[in-house]
Protein chains: 2
Amino acid sequence: MKADQAVAALAALAQEHRLALFRLLVQAGEKGLAAGAIAEALAIPNSSLSFHLTQLRAAGLIEQRREHRSIIYRAHYSAMNALLTYLMENCCAGTGCDPEPACLVQQEEGKSL
Amino acid sequence: MKADQAVAALAALAQEHRLALFRLLVQAGEKGLAAGAIAEALAIPNSSLSFHLTQLRAAGLIEQRREHRSIIYRAHYSAMNALLTYLMENCCAGTGCDPEPACLVQQEEGKSL
DNA sequence: CCTATATTTCCAGAATTATGGAAATAAGGA
DNA sequence: TCCTTATTTCCATAATTCTGGAAATATAGG
């Protein structure tokens, strides 16, 4: 991951409504949620929600698909993991970070982040 | 962790210089780095660096201590882990997130995040 | 006390971002 | 085609953030 992608992803998450929205999608899992359901859950006007969905999508953190009349959004987990990995890359100069429980993210890889 | 703390931490990281700075400190480990060394490594004017250090510190992501004439900064790993955990909280509706390698952060807890 | 080093504070201009109502677009069914 | 539902685009206002030079503050040593 490159620095400007990471900045874009962090900026996308650094907003009250978008953070709540992203977490909602993280918790919803692979099946995702329709835009209308999100607007209702978060009590945000449609036009504002659409703006925030666009921001998250531009940052690569969520995906959309159309299903009948609804547009379904879901979290893009691998993008999220790439971000977490980037943040903690080469952490603690390789010393293991004790006694703090840092460096968690990098220990379970070998898969496509 | 509460939502507004998470937003503050993400906003602090969502800036080119601050992200590079934070990662530099993550990689430097517990011994940290002096402000001057950071300014040199990142090629940022002192006043700008000081602004960014203040932002990161206000968000709880870094700590400072004085050592002789220098002020040493280091990453606050537990705050970082609290943020990562918050982002992925209850992820994938408990289904395990396969086939994506998400949900990494929460699997190694039992320690003070 | 004077000097050198290290870092922060002050400031104002430039740039970016969030908001929500109203209108526009898209899809599906009668 | 016409109607209903679902979502996005447009727009102007308001608010926030970044920048870096110059001056101020803090520490240490001679």
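Proteins come first, then strands; the chains are lettered A, B, ... in the order of their sequence lines, and each starts at number 1.
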- Query: Whole Å only: how far is the CD1 atom of B/Ile72 from the C1' atom of C/dT7?
  - Reply: 12 Å
- Item | Minimal non-hydrogen separation, A/Ile72 against A/Lys31, with atom names | CG2-O, 3.6 Å
- Using the side chain to side chain contact (heavy atoms under 4.5 Å, CB included) rule, pick out the option among A/Val7, A/Leu83, A/Leu87, A/Leu13 that qualifies with B/Leu13. A/Leu87
- Note on the structure: Whole-Å distance, B/Leu53 CG to C/dA6 C1', equals 13 Å
- Task: Output every pair passing side-chain hydrogen bond (donor to acceptor under 3.5 Å, both in side chains) with a member in residues 2-15 of chain A, not counting sequence neighbours, ordered by first then second residue.
- Result: none
- Message: One character per nucleotide, please: for nucleotides 17-23 of chain D, 5' to 3', B when the base has a protein heavy atom closer than 4.0 Å, S when only the sugar-phosphate does, - otherwise.
- Response: -SBBBB-
- Contact letters for nucleotides 24-30 of chain D, in which S counts primed atoms plus P, OP1 and OP2 and B counts the base, heavy atoms under 4.0 Å: --SBS--
- Message: Measure CG/A/Leu49 against C1'/D/dC10 and give the value in whole Å, please.
- Response: 17 Å
- Task: Scan for salt bridge (charged side-chain N to carboxylate O under 4.0 Å, His left out) pairs involving residues 44-56 of chain B, sequence neighbours excluded, and state none if there are none.
- Result: none
- Item | Distance test, side-chain N/O of A/Ser70 to OP1/OP2 of D/dT7, below 4.0 Å | yes
Check the interface with nucleotides 13-16 of chain D: list each N/O to N/O pair with the protein under 3.5 Å, or write none.
none

- Query: Transitively linked via ILVMFWY side-chain contacts under 4.5 Å: B/Ile71 with B/Leu42?
  - Reply: yes
- Between atom CG in A/Asn46 and atom P in C/dA18, what is the gap in whole Å? 18 Å
- Message: Short of 4.0 Å, heavy atom to strand atom, which residues of residues 32-43 of chain A count as contacting DNA chain D?
- Response: A/Ala34, A/Ala35, A/Gly36
- How long is the line joining OH of A/Tyr73 and C1' of D/dA6, in whole Å? 11 Å
- Partners of A/Glu63 by salt bridge (Lys or Arg N to Asp or Glu O under 4.0 Å), sequence neighbours excluded? A/Arg74
What pairs of donor and acceptor atoms, side-chain ones from residues 47-61 of chain A against any protein atom, are under 3.5 angstrom apart with sequence neighbours left out?
unit_1: A/His52; atom_1: ND1; unit_2: A/Arg18; atom_2: NH1; d: 3.0
unit_1: A/Thr54; atom_1: OG1; unit_2: A/Ser50; atom_2: O; d: 2.9
unit_1: A/Arg57; atom_1: NH1; unit_2: A/Gln64; atom_2: OE1; d: 3.4
unit_1: A/Arg57; atom_1: NH2; unit_2: A/Gln64; atom_2: OE1; d: 3.3

- Message: Taking side-chain hydrogen bond (donor to acceptor under 3.5 Å, both in side chains) as the definition, give me every residue that meets it alongside A/Arg66, ordered by chain and number, with sequence neighbours left out.
- Response: none
- Task: Answer yes or no: is there a side-chain heavy-atom contact under 4.5 Å between B/Leu84 and B/Met88?
- Result: no
- Query: C/dT7 C1' sits how many Å from B/Ile62 CD1, rounded?
  - Reply: 13 Å
Would you list the atom pairs, donor with acceptor, under 3.5 Å between side chains in residues 19-26 of chain A and any protein atom, with sequence neighbours excluded?
unit_1: A/Arg23; atom_1: NE; unit_2: B/Tyr86; atom_2: OH; d: 3.4
unit_1: A/Arg23; atom_1: NH1; unit_2: B/Tyr86; atom_2: O; d: 2.6
unit_1: A/Arg23; atom_1: NH1; unit_2: B/Glu89; atom_2: OE1; d: 3.2
unit_1: A/Arg23; atom_1: NH2; unit_2: B/Glu89; atom_2: OE1; d: 3.4

